[in-house]
Each structure stands twice: as structure tokens, then as C-alpha cells.
Amino acid sequence: MVYVIYSTGTEFVKIGIAINPVARMRQHQTSQPTTLVLLAVADWPDSAERRIHRALRQHRMRGEW
């Protein structure tokens, strides 16, 4: 599944893939000072995530955000 996680109070979102997006968000939350919110989940193939990352690459801030 492709997911979008938002870091509250910022402009940052993370787009990724996971079998269980809620569990993945919880993993990310442990290392984040802001609250994370799961904005969207889509049952799309992994290739969709790669296409999204390519389309938005000029907006990448740091690492995966």
C-alpha cells in the first residue's frame, strides 16, 4: 500500500509503501518531535510510489521528507 504521512505544524509529508501503514506511521513517530497523521492510503502497486517520488523530487526537503 502507498501511504502519505503528514508531520503536523510543518510542510513535510512522507510518501512510502508498507503492508500496514498505521504500524509504519507509529515507527516513524518514535523519532519525530511533531505528531504524525496518516493522510492517505491507496492500494496501489509499489511502482506508483516510485512515480510519485520522481514527480515530486524537486520538493524533497531532507531524506524521505
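Computed from a prediction, not measured in an experiment: that's the story for all the values here.
The hydrophobic cluster analysis finds Ile19 isolated: no Ile, Leu, Val, Met, Phe, Trp or Tyr side chain comes under 4.5 Å of it, directly or through other members.
Pairs of residues two or more places apart, or lying in two chains, that qualify as salt bridge (charged side-chain N to carboxylate O under 4.0 Å, His left out) and include a residue from residues 1-17 are Lys14-Glu64.
Using a 4.5 Å cut-off on side-chain heavy atoms (C-beta onward), Tyr3 and Asn20 make no contact.
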Show me the side-chain donor-acceptor pairs of residues 22-30 shorter than 3.5 Å, one per line, residues at least two apart or across chains.
{"from": "Arg24", "atom 1": "NH1", "to": "Gln27", "atom 2": "OE1", "distance (Å)": "2.8"}
{"from": "Gln29", "atom 1": "OE1", "to": "Leu36", "atom 2": "N", "distance (Å)": "2.7"}
{"from": "Gln29", "atom 1": "NE2", "to": "Thr34", "atom 2": "O", "distance (Å)": "2.8"}
{"from": "Thr30", "atom 1": "OG1", "to": "Gln27", "atom 2": "O", "distance (Å)": "2.8"}

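Ala42 pairs by the side-chain contact (heavy atoms from CB on, under 4.5 Å) definition with Trp44, not counting sequence neighbours. Partners of Leu56 by side-chain contact (heavy atoms from CB on, under 4.5 Å), not counting sequence neighbours, listed by chain and number: Ile15, Ile52, His59. Applying the side chain to side chain donor-acceptor pair (under 3.5 Å) criterion to Arg60, with sequence neighbours excluded, gives His53. Arg50 is linked by a side-chain contact (heavy atoms from CB on, under 4.5 Å) to Asp46, Ser47, Arg54, counting only residues two or more places apart in sequence or in another chain.
Ala48 and Val2 make their closest contact through CB-CG2, 4.4 Å (heavy atoms, listed as atom of the first residue, atom of the second, distance). Of all non-hydrogen atoms in Tyr6 and Phe12, the two that sit nearest each other are CD1-O, 3.5 Å.
When hydrophobic clusters are built by joining Ile, Leu, Val, Met, Phe, Trp and Tyr residues whose side-chain heavy atoms come closer than 4.5 Å, directly or via intermediates, Val37 is not grouped with Val41.
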